[in-house]
2 protein chains.
Amino acid sequence: MSDTTEEKTGHALVDDLASRIRNRVMSGEIPIGAQLRQAELAADFGVSRTPVREALRQLQSGGLIEVLPNRGAVVRVPAPWEVREAYEVRAQLEALAAARAVDRITDDQLEQLRRANQEMYDNSLAESRNGAAGLPVSRLGNDRFHTLIAEISGNARLAKVVNDINELFPRNVSAQLIVNDTRHRDENFREHERIVAALAAGDTETAAAEMREHVIKAGEQLAEWYEKRSSTVFRG
Amino acid sequence: MSDTTEEKTGHALVDDLASRIRNRVMSGEIPIGAQLRQAELAADFGVSRTPVREALRQLQSGGLIEVLPNRGAVVRVPAPWEVREAYEVRAQLEALAAARAVDRITDDQLEQLRRANQEMYDNSLAESRNGAAGLPVSRLGNDRFHTLIAEISGNARLAKVVNDINELFPRNVSAQLIVNDTRHRDENFREHERIVAALAAGDTETAAAEMREHVIKAGEQLAEWYEKRSSTVFRG
DNA sequence: TTCCCAGCAACTGGATCCAAGACGTGGAGT
DNA sequence: ACTCCACGTCTTGGATCCAGTTGCTGGGAA
């Protein structure tokens with residue numbers, strides 16, 4: 001009877017379409033900058049253009065795609081400064097989440113966090129060998145770690161806003177960072193460990209501070225990726 | 001050439017419709033809990049149902065309205081706990097905005113803040129005598145005060161997220177609080193003054209702390225209003 | 001060869017059409 | 001008199017239709 005999400009609202013079909021399109025963008029199946037043609041998506045999903053249009057409008061509200069008048073929708077290409085701004089907001093919010101979580105977290109939840117972190121690490125190790133394409137499962141461990149803390153905070157709005165910010169940027173990009181860069185992966189793992197330690201110790205200040213730094217750092221790395229990308233794209 | 005908002009995207013008509021419907025809800029012209037019938041709105045604005053539906057979907061994404069499957073859209077009636085959650089998030093974000101603003105604010109902007117605050121106070125005094133209906137201009141002063149600080153922060157995403165949260169709750173409600181409750185009005189004014197003082201003094205810690213408290217307090221008052229309302233509605 | 005303009009094909013955006021679901025009413029049966 | 005079911009109406013949701021716009025392409029002129 002109790003939904004985890006607050007979404008009992010919304011027509012099944014359109015929300016489903018929005019979710020499926022979002023997944024394609026998030027996984028990199030539809031790359032940033034790509035056009036989203038209504039007819040194509042409609043045919044793909046076996047529906048008419050009408051619900052597709054509404055789904056696209058929903059994604060536009062979220063900020064993932066951009067709809068240009070009479071020219072259709074494209075997947076937004078975030079500017080590096082946008083990434084930094086968004087991650088500064090996210091850092092502030094997740095710091096609050098961590099602070100609130102300190103007083104509420106259970107031993108079981110601490111264990112879940114440790115497991116999610118370990119999964120991320122192990123999977124990214126495996127995937128850096130195999131060279132997995134698309135959305136590596138290591139990213140899922142990372143997502144889960146942050147999502148868990150947001151949920152443990154007990155503030156559903158907080159969790160939702162954090163999630164909305166994350167859905168601004170396709171995941172396959174930040175996934176590559178974890179998988180390909182050994183130092184990044186190790187630091188990420190270590191920072192997560194420190195956050196868990198602070199949560200376990202009941203140290204509100206440290207938990208919030210570690211989380212803030214951790215997120216800002218991740219944002220900086222993501223922003224640098226986009227910087228590098230745009231310079232290679234625009235100058236050869 | 002330089003837009004203040006980031007919204008060059010979006011078809012004129014649908015965005016315009018969404019904006020107009022939003023205004024009606026925000027001003028209380030369409031009260032919370034009311035049904036939004038597509039045909040009615042379409043006739044009202046002289047368009048077909050199609051763009052209205054897309055506009056409603058956009059508002060749904062924002063969280064202002066709720067769309068029930070096959071039963072249409074209604075203006076959401078926020079539960080008191082939702083108000084508290086949202087305002088806790090807002091407090092955290094505006095605290096960051098205030099902290100960032102300390103190092104960036106100019107004398108001119110300080111003056112603008114003082115003026116917005118004074119306007120809010122004067123107008124709410126006048127309106128409490130006249131008993132203004134709808135959306136009193138005193139609310140505009142209050143909105144402007146907070147919006148200004150968010151903008152001065154220099155982080156557009158931060159300003160946008162704060163704005164999105166504010167658009168969860170119709171303004172005419174919180175406007176009533178300022179206009180009708182003398183103590184609330186005075187405290188509001190005084191708290192704004194303290195925030196401005198901290199900004200002027202370059203005291204980052206105090207600016208953030210004052211802002212956080214101020215927003216939490218406002219949220220508590222708004223939540224209590226909704227609590228009172230629901231008890232009168234459901235029990236007579 | 002290069003630039004410009006006209007025509008064309010493709011796509012979006014708004015209107016209309018039709019089917020399916022929800023609610024209210026009224027009548028029949030107990 | 002009360003309950004339950006069936007029918008009718010109203011509204012939404014999806015499909016289709018049509019007009020308007022964009023951008024491309026090809027031909028002609030400088």
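Sequence lines set the chain letters: A, B, ... in the order given, protein chains first and strands last, and positions in each chain run from 1.
- Applying the ring pair (Phe, Tyr, Trp, His ring centres under 6.0 Å) criterion to Y226(A), with sequence neighbours excluded, gives no partner residue.
- Checked against side chain to side chain donor-acceptor pair (under 3.5 Å), N123(A) has no partners two or more places apart in sequence or in another chain.
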Polar atoms only, N or O, under 3.5 Å: list the protein pairs with nucleotides 21-24 of chain D and their distances.
{"unit_1": "dG23(D)", "atom_1": "OP1", "unit_2": "R71(A)", "atom_2": "NE", "d": "3.2"}
{"unit_1": "dG23(D)", "atom_1": "OP1", "unit_2": "R71(A)", "atom_2": "NH1", "d": "2.9"}

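- Residue E94(B) forms a side chain to side chain contact (heavy atoms under 4.5 Å, CB included) with just one option from H214(B), H146(B), R212(B), and that option is H146(B).
- Partners of A18(B) under the side chain to side chain contact (heavy atoms under 4.5 Å, CB included) rule, at least two apart in sequence or in another chain, are A55(B), Q58(B), L59(B).
- With sequence neighbours excluded, the residues that form a side chain to side chain donor-acceptor pair (under 3.5 Å) with E220(B) are R84(B).
- Among the protein residues, L36(B) comes within range of the sugar-phosphate backbone only, with heavy atoms under 4.0 Å from sugar or phosphate atoms but none that close to a base.
- For Q38(A) and dA10(C), the shortest distance from a side-chain N or O to OP1 or OP2 is not below 4.0 Å.
- Counting to the nearest Å, the P atom of dT12(D) and the CD atom of E40(B) are 10 Å from each other.
- With sequence neighbours left out, the side chain to side chain donor-acceptor pair (under 3.5 Å) criterion links E29(B) to no other residue.
- Following rounding to the nearest Å, L13(B) (CG) and dA19(D) (C1') show an atom-to-atom distance of 15 Å.
- Using a distance-only test at 3.5 Å, with no hydrogens or angles considered, a donor-acceptor pair links the side chain of R100(A) to the main chain of S153(A).
- Of the residues in residues 41-51 of chain B, those with a non-hydrogen atom less than 4.0 angstrom from any atom of DNA chain D are R49(B).
- When the C1' atom of dT12(C) is taken as reference, atom CD of E66(A) falls 16 Å away, rounded to whole Å.
- For the side chain to side chain donor-acceptor pair (under 3.5 Å) test, no residue two or more places apart in sequence or in another chain qualifies with R144(B).
- Atom CG of D15(A) is separated from atom P of dG13(D) by 11 Å (rounded to the nearest Å).
- Taking the side chain of R37(A) as heavy atoms from C-beta on, and the options dT11(D), dG13(C), dC11(C), the nearest nucleotide is dC11(C).
- Every residue two or more places apart in sequence or in another chain was checked for a ring pair (Phe, Tyr, Trp, His ring centres under 6.0 Å) with H184(B), and none qualifies.
- For Q35(B) and dC10(D), the CD to C1' distance is 12 Å, given to the nearest whole Å.
- A donor N or O paired with an acceptor N or O is not found under 3.5 Å between the base of dG13(C) and the side-chain atoms of R57(A).
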